[in-house]
Amino acid sequence: MCGIVGYVGERNAAPILMKGLQKLEYRGYDSAGIAVHDGKKVNIYKAKGRLKVLEERHPSDKISGTLGIGHTRWATHGEPSELNSHPHVSGKIAVVHNGIIENYQRLKLWLEEKGYHFVSETDTEVAAHLVNHFYEGNLLQALQRAIALLEGSFALGVLSSDVPDTLVAVRKSSPLIVGIGQNENFIASDIPAILEHTRNVYLLDDGDMVVLKKNRIRMYNSLGERIEKPVFNVTWDADMAEKGGYAHFMVKEINETPKVLHDTLNPRIDKDGRFSLSEISKFSAMANTLKRLFIVGCGTAYNAAMLGKYYIEKMARIPVEVEYASEFRYRKPLIGKGDACIVISQSGETADTLAAMREAQRCGAMVVAITNVVGSSVSREADEVFYTWAGPEIAVASTKAYSAQLMALYIIGTELAFRVGGIDEDYYRELLTALTAIPKQAQTVLDNVARIQQLAAERFNAKNVFYIGRGMDCPLSMESALKLKEICYTHAEAFAAGELKHGPLALLENGSLVVALMTQESLLDKTISNMIECRTRNAYLVGIAMEGNIRAVETADDCILIPRTVECFAPMLAAIAAQLFAYYISTHKGVDVDKPRNLAKSVTVE
Ligand code: G6P
């Protein structure tokens, strides 16, 4: 993954690059570096570790120069080290890169034969040497010739020491935007990096190249032809990407859930009080002819998809297949004309999800994206887009975006179910009313945080945690366990409660923590039996159940209660409780909550 940023203008570049990189640290944070042109030459500053190490070692306010590029890294080729961190240099050329150059080994041999000496273990260094190799005074041409040889994904920012006023960049299968300023211009992997300086951006497409000077932006397509693009105006606020008084982004984002659910739901209710799916009208028109629905995603988005399957199959009786995007893309899936595929991606840039989407389209299926980022690759390539209006999500572990994905699936599922006659008008109305109450009920879960905090304080030392659930609680248990793995480094597993005795029960020992999701009351008896089986093996039982579920309270050693709603929507509220539980365990364990080890927010490599 990695984040890149670039600046050309009249101000000192280094502080702008550093602040931009801070906003991109969610993309990777094992090392960082910047290259700044001081008018005569390019100076390089690098450090292993977080950005603050770089800032401590090379204070940005002491670095002069009005042109620069910066990079925050998530290692793919070569361990995190100063040598492997970007920018990479070859002759006059300095390069930052996000993505993976797949044919770098072949190119490396070729370049070595030509006398180039490699100092790092990265794939990126190939790009630096190639641009240098083709450079004869015209940076754009050199970049064009270099990328013609590159296979894989790359967003590149390039400088040359003999051109003190120009920055060139290219985007192929890795995100890159251009920020338009007054006597200054920017490039960045993502909008928050430049939002402090401008709200006007160009969204580059695959293959696009850009040449930036302080008062000129020229864009070219992959054929080298000049192109114009509409200016995209960013409407959301910079402070939505700031912590706003919270200790961590993650807890801030969980606390934004009521608003996010409201913002995702309300624009989809029309003046007659019915769901409107106008954004995905072609897809909804297929409701009655749809042969099969596929839903693909990675990580948390996959877990949301699983919950969507339970709901859509139950209500609409349409067969739904859920798959990891990384599997779907290579599996030659049985998908084709007459089928539809929903891809779910918070960032809209996950490499596997993008590839799965392209595969579904190639096979003739209609593709709908549920994504959070306007202008992301997924949003631009899908046939139709249903946005989750969650605002920027910075913490690596997804919370509010997951909630918004569930809301999106519930809206789509309910409308589909009505159209195919799976539910009648009265039930449709009942479901719609229940969904409308959810944002307020989400606030109630947040207001009752003290109980969850206390439980986390008592149980944070648990070595093994097992989440169990039946029906729609089953996919929720997968997401709940994932949260614990991601931000607590605690071994956590999720099991369909009924599967326990087919193996997992052997793992239970004195003090194991079992969290039973108990929102599916039609299956309560069964879940309680499974909990008792765990108690017999000396496990400690925590339940998450709807208010008034006395048997849940009686069965569990401790029980977190959420407001009462229609059974199938209860996981949306229980999810918030599970997220908070993981968050507070993480803080007790002293884990870097927002940036857990080895992970990154946006996975734009395979
Ligand atoms: C990474 C993140 C996860 C996220 C997954 C899919 O692994 O750490 O939180 O669920 O990518 O991301 P997407 O942006 O496609 O939803």
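We count ligands from 1, going down the list as the structure has it; atoms in each ligand are counted the same way.
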query: Given the rule in the salt bridge (Lys or Arg N to Asp or Glu O under 4.0 Å) test, do R268 and E415 qualify, once you have shown the distances and angles that lead to the verdict?
result: CA-CA 11 Å; R268 275 70 188 232; E415 184 60 25; over 6 Å; no
query: Strictly by modelled atom types, are T300 and E479 linked by a side-chain donor-acceptor pair under 3.5 Å?
result: yes
statement: With sequence neighbours left out, the residues meeting salt bridge (Lys or Arg N to Asp or Glu O under 4.0 Å) with R459 are none
query: So how far is it from L446 CG to E256 CD, rounded to the nearest 0.5 Å?
result: 10.5 Å
- prompt: Quick one: are the ring centres of F569 and Y311 less than 6.0 Å apart?
  reply: yes
- request: Please list, by chain and number, the protein residues whose heavy atoms come under 4.0 Å of ligand 1.
  value: C298, G299, T300, A301, S345, Q346, S347, T350, V396, S398, E486, A600, K601, V603
query: Just by distance, with hydrogens left out, do T388 and K400 show a side-chain donor and acceptor under 3.5 Å apart?
result: no
